[in-house]
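Encoded as structure tokens, the structure appears first; notes follow it.
Atoms within each ligand, like the ligands themselves, are counted from 1 in listed order. Because the structure is a prediction, the values reported are computed rather than measured. Numbers here are sequence positions counted from 1. Atom set for the values below is all heavy atoms of this structure, side chains included, hydrogens, waters and symmetry mates excluded.
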Amino acid sequence: MTNTLDPVIKSIDIIVPAFNESGNIHPFNEAVKAVFASLPQYNYQIIFINDGSSDQTREVLVSLAAIDQRVAYLDFSRNFGKDNALAAGLNASKGDAAVTIDADLQHPPALIKEMIAHWEKGFEVVYAHREFANEHTSFLNKQTSHWFYKLVNQLSDIELEDGISDFRLIDKKVVTILNSLQEQDLFYRGLIKWVGFQQKSIPYIPDKRAFGETKYSTTALFKLAIRGITSFTTKPLYIATYLGFTFSLLSLLYIPYIVISLVWEHPVSGWASVIATIAFFGGMQLMILGIIGTYLGKLFMQSKQRPHYIIRESKLP
Ligand code: UDP
Ligand code: MG
């Protein structure tokens, strides 16, 4: 008997968190359709996650899913944040690979083709990192992003490349592992590195946001940096200890100085130095308490074992 195996059609799930992206849903769907038109050997479906949008995103998704077989959606009961939306999408994914991508077309869907090609060569994770050779990203944005990765790399035990994004293809094997993690505070950019496997990084130039505005202000990015660091390392706790130790030593040196100045009969002129010392040590103590509190807060949240998200309604195939 001759071997008459059909070429196996593989299926790819495109996972798209959407928070107030009503104007981007249709253009995004068309862009993905265009990519897969040139990839007939792959089946695909798009899983949108409506992350508690306050605009028409939900309505747009419901009507699009009604006419387009390839469009599925999950509708959250409120905003749970991008990483939790990604978790929901990965949990719903049954394909041979999943691609996580932003809804605003800043992650060029055309790159999915290249990702699939690397995946077929055996890479289990193919992720895109930002090249900054473009005018769509502001100077401040570039700088904060640069500092963000510098800080995370300095402080944590995982190596994140500058500009690593949430645009990536993940093999089913890795999706299963990610879905089994019991982590309360999900930070996929770090987790993906942490799980290992054969990984490949490809560059991309982010496009301008198609519709709407970024959801990440500078304060939100700062919060993200703190989450990124505290999810992967306890080094800041050691830093707190070292700092405390160093300043205790320094103040020990300060005491002989006070004694000597008493001996030399200086009048009570120490007001400025006392205030400065109190303010400085007060600040240090608050900072260190803050660091400890952040970790304690994580333990607290983890101990509650709350779900990452709540789905109000869904349409999955
Ligand atoms: N997003 C989300 N929940 C949020 C914030 C953002 O699902 O709470 C989605 C958003 O709809 C987009 C992606 O995450 O698809 C990236 O967000 P954004 O474009 O605002 O981030 P930026 O590209 O500016 O880093
Ligand atoms: Mg964006």
Side-chain angles (χ1 to χ4, degrees), residues 13-29 31-32 46-61 64 71-92 98-109 111-112 127-132 134-149 152 160-168 185-189 192 204-225 227-228 308-312 314:
D13 291 325
I14 313 289
I15 293 165
V16 199
F19 177 48
N20 295 342
E21 305 282 8
S22 58
N24 287 326
I25 305 293
H26 281 281
F28 180 88
N29 186 36
V32 172
I46 307 182
I47 306 175
F48 286 100
I49 300 97
N50 176 30
D51 187 13
S53 300
S54 54
D55 69 352
Q56 301 293 303
T57 302
R58 194 186 78 88
E59 288 75 5
V60 174
L61 286 176
L64 181 62
V71 174
Y73 66 85
L74 299 168
D75 184 35
F76 279 4
S77 63
R78 64 167 170 85
N79 179 264
F80 279 90
K82 184 182 177 182
D83 279 288
N84 291 323
L86 289 175
L90 291 173
N91 269 312
V99 173
T100 58
I101 180 170
D102 285 0
D104 58 5
L105 293 165
Q106 283 197 288
H107 294 160
L111 220 62
I112 294 174
Y127 58 90
H129 69 264
R130 268 200 284 194
E131 293 267 272
F132 284 122
N134 75 100
E135 70 285 7
H136 302 315
T137 323
S138 73
F139 176 75
L140 189 71
N141 208 318
K142 276 181 223 175
Q143 275 309 316
T144 34
S145 164
H146 183 67
W147 291 328
F148 169 76
Y149 292 107
V152 176
L160 290 186
E161 279 156 58
D162 198 351
I164 193 174
S165 73
D166 275 319
F167 184 17
R168 61 178 88 83
D185 194 4
L186 290 168
F187 181 66
Y188 280 113
R189 265 177 256 182
I192 285 281
Y204 83 101
I205 295 175
D207 283 325
K208 219 173 142 67
R209 195 170 225 290
F211 158 93
E213 294 172 1
T214 175
K215 314 308 183 289
Y216 292 100
S217 56
T218 306
T219 42
L221 284 175
F222 189 69
K223 270 195 199 155
L224 191 71
R227 275 184 52 212
H308 288 121
Y309 51 83
I310 299 169
I311 294 172
R312 175 198 288 137
S314 68

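- Near Asp104, meaning under 4.0 Å from any of its heavy atoms, are these atoms of ligand 1: 19 (O), 23 (O).
- Side-chain atoms of Tyr73 and Ile25, non-hydrogen and from C-beta on, never get closer than 4.5 Å to each other.
- Atoms of ligand 1 found under 4.0 Å from any heavy atom of Glu21 (numbered from 1 in listed order, with element): 10 (C), 11 (O), 12 (C), 15 (O).
- Of all protein heavy atoms, the one lying nearest to atom 22 (P) of ligand 1 is Thr214 OG1, 3.7 Å.
- Considering only non-hydrogen protein atoms, atom 20 (O) of ligand 1 sits nearest to Lys215 N, 2.6 Å.
- Using bins of under 30°, 30° to 60° and over 60° for the plane-to-plane angle, the ring pair His107/Phe167 lands in the parallel bin.
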>> For a side chain to side chain donor-acceptor pair (under 3.5 Å) check, start with the C-alpha distance between Asp75 and Asn50, then their side-chain angles and the critical distance, and finish with the verdict.
In response: CA-CA 5 Å; Asp75 184 35; Asn50 176 30; 2.7 Å; yes
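- Between the side chain of Arg227 and the backbone N or O of Leu186, at least one donor-acceptor pair lies under 3.5 Å.
- At least one donor-acceptor pair under 3.5 Å links the side chain of Thr57 to the backbone N or O of Glu21.
- Protein heavy atom closest to atom 18 (P) of ligand 1, with residue, atom name and distance, is Arg209 NH2, 3.5 Å.
- The backbone and the side chain of Asp102 each have at least one atom closer than 4.0 Å to an atom of ligand 1 (non-hydrogen atoms only).
- With hydrogens and angles disregarded, a donor-acceptor distance shorter than 3.5 Å links the side chain of Asp83 to the backbone of Tyr188.
- At a heavy-atom cutoff of 4.0 Å, ligand 1 is contacted by both the backbone and the side chain of Lys82.
- Distance from atom 25 (O) of ligand 1 to its nearest protein heavy atom, with residue and atom name: Tyr216 CD1, 3.9 Å.
- Using a 4.0 Å cut-off to heavy atoms of Asp51, the atoms of ligand 1 that qualify are 2 (C), 3 (N), 4 (C), 7 (O), 8 (O).
- Residue-ligand proximity, Gly81 to ligand 1, at heavy-atom distances under 4.0 Å covers atoms 3 (N), 8 (O).
- Proximity of Asn79 to ligand 1, defined as any heavy-atom pair under 4.0 Å, is confined to the side chain (atoms from C-beta onward).
- Aromatic ring orientation, Phe76 versus Tyr309: parallel (interplanar angle below 30°, classes split at 30° and 60°).
- Residue Ala103 touches ligand 1 through backbone and side chain together, judged by heavy-atom distances below 4.0 Å.
- In this structure, Ser314 contributes its side chain and Leu74 its backbone to no donor-acceptor pair below 3.5 Å.
- Asp104 contributes atom OD2 as its closest N/O/S atom to the Mg ion (ligand 2).
- By the 4.5 Å heavy-atom criterion applied to side chains, Ile46 and Phe48 are counted as neighbours.
- Among protein heavy atoms, atom 1 (N) of ligand 1 sits closest to Phe19 CB, 3.8 Å.
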